[in-house]
Amino acid sequence: MPSCQQAASGEKIYQAARDFLWFQDRGYPREAALQWVGDRFALVRTDRDLLRRGVFSQSRALHRLAKRVRGTRWRRYPLWVDAHNVHITVESLFLQRPMVLANDGALRDVAGLSRSYRLSEVTEVALKAILSFLQAFPPVEVHFLFDAPMSQSGELAARYRESLQKHGLAGEAMAVPVPEKHFPRSESVIASSDHAVVEFSMHWLDLARWVMDFMGLPFSGYDFRGLSGE
């Protein structure tokens, strides 16, 4: 029975990732390719989620990598933060949940907690880590947009507003119904690892990954960056 299956070994996951990339690069439908590869390697749901969030066609991955900002030039522009995406990813780092460094350059968790997210003891820890990084490398202004339909989004936004003031950072934090609708495409940088947001952005910053490096947090998971030669 599938429920009795064990997660695949590391080598099997990387073999499956290479096959998944091969199918995508040849134009096969993404979900169908994942089904074929998952069945071939007898992957459990978590393993398939790793591939879904971590492996994209070479053309798609390179397109996104070309838009990712490097160095410090992003600090010259307003920074718009996909706030739940970044915050939950940083929480996952502190909790050492399974993570993936995707071949499109983005750090993602595979916990799938977005709709079930609740404030916890690690909330303040993640918030302080993010704000400490931004205090050390301040952009001209920063806008945190939280997903209003998610539980306790207003309270989390309020905590960020207070922390922005404490850290002397220009910006705002608010909960809005659909954050993506508020992100400007030009003259700004968008911080997110959500593939749809990254696709939309002209310039994007993997803020959670920067925080990981800044705080010296351990990475526990799979690294698929080599599939695209990053």
Side-chain angles (χ1 to χ4, degrees), residues 67-97 99 101 105-109 113-114 117-194 197-198 200-219:
K67 298 191 296 179
R68 191 183 68 182
V69 295
R70 302 171 187 269
T72 59
R73 64 185 179 89
W74 59 273
R75 296 173 56 197
R76 306 172 192 166
Y77 301 93
L79 181 66
W80 292 77
V81 184
D82 186 5
H84 271 113
N85 172 272
V86 171
H87 181 90
I88 292 173
T89 303
V90 174
E91 279 198 15
S92 293
L93 285 167
F94 276 104
L95 294 171
Q96 296 188 330
R97 292 178 177 139
M99 308 292 292
L101 277 166
L107 172 70
R108 300 186 176 98
D109 67 36
L113 294 176
S114 294
Y117 175 76
R118 297 290 185 275
L119 303 186
S120 67
E121 297 83 0
V122 77
T123 298
E124 194 67 22
V125 176
L127 186 158
K128 287 181 178 178
I130 293 168
L131 269 293
S132 294
F133 170 79
L134 291 175
Q135 186 178 42
F137 303 97
V140 292
E141 60 187 39
V142 57
H143 306 266
F144 286 91
L145 298 186
F146 292 89
D147 193 344
M150 289 180 62
S151 177
Q152 300 176 292
S153 59
E155 181 180 346
L156 187 55
R159 291 192 188 187
Y160 269 83
R161 281 196 300 274
E162 181 180 354
S163 291
L164 284 170
Q165 294 178 351
K166 285 183 178 179
H167 287 80
L169 291 166
E172 61 184 346
M174 63 180 69
V176 297
V178 185
E180 293 86 345
K181 291 186 177 181
H182 296 263
F183 295 145
R185 288 202 80 222
S186 60
E187 300 302 318
S188 64
V189 173
I190 299 177
S192 180
S193 63
D194 181 272
V197 175
V198 169
F200 161 85
S201 307
M202 293 289 291
H203 306 286
W204 67 280
L205 175 75
D206 195 353
L207 180 56
R209 183 173 164 189
W210 281 67
V211 172
M212 178 182 76
D213 293 340
F214 178 73
M215 299 297 295
L217 299 174
F219 170 79

Open item on the list: In terms of relative ring orientation, are F144 and F146 parallel, tilted or perpendicular, with 30° and 60° separating the classes?
Closed with: parallel
Task: side-chain hydrogen bond (donor to acceptor under 3.5 Å, both in side chains) between Y160 and H87, worked out - done: CA-CA 11 Å; Y160 269 83; H87 181 90; 2.7 Å; yes
TODO: Taking salt bridge (Lys or Arg N to Asp or Glu O under 4.0 Å) as the test, write out the residues that go with E124, two or more places apart.
DONE: R159
Open item on the list: Under the side chain to side chain donor-acceptor pair (under 3.5 Å) definition, can you give me all pairs with a residue in residues 144-153, not counting sequence neighbours?
Closed with: none
Task: Heavy-atom donor-acceptor pair, R185 side chain to M202 backbone, under 3.5 Å - done: no
- [ ] Could you grab the distance from atom CG of L95 to atom CD1 of I88, nearest 0.5 Å is fine?
- [x] 11.5 Å
Open item on the list: Tell me which one of L145, V197, V189 satisfies side-chain contact (heavy atoms from CB on, under 4.5 Å) with W80.
Closed with: L145
TODO: Could you give me the CA-CA distance, side-chain angles and deciding distance for L93 and L107, then say whether side chain to side chain contact (heavy atoms under 4.5 Å, CB included) is met?
DONE: CA-CA 10 Å; L93 285 167; L107 172 70; 3.9 Å; yes
TODO: Before giving the answer on side chain to side chain contact (heavy atoms under 4.5 Å, CB included), spell out for E91 and T123 the whole-Å C-alpha distance, their side-chain angles and the decisive distance to 0.1 Å.
DONE: CA-CA 7 Å; E91 279 198 15; T123 298; 3.2 Å; yes
TODO: Could you check whether the rings of Y117 and H84 sit parallel, tilted or perpendicular, using 30° and 60° as the cut-offs?
DONE: perpendicular
Task: Ring geometry between Y77 and H203 (parallel below 30°, tilted from 30 to 60°, perpendicular above 60°) - done: parallel
Open item on the list: Per the ring-ring contact (aromatic ring centres under 6.0 Å, His included) rule, what does the pair list look like for residues 162-189, sequence neighbours excluded?
Closed with: none
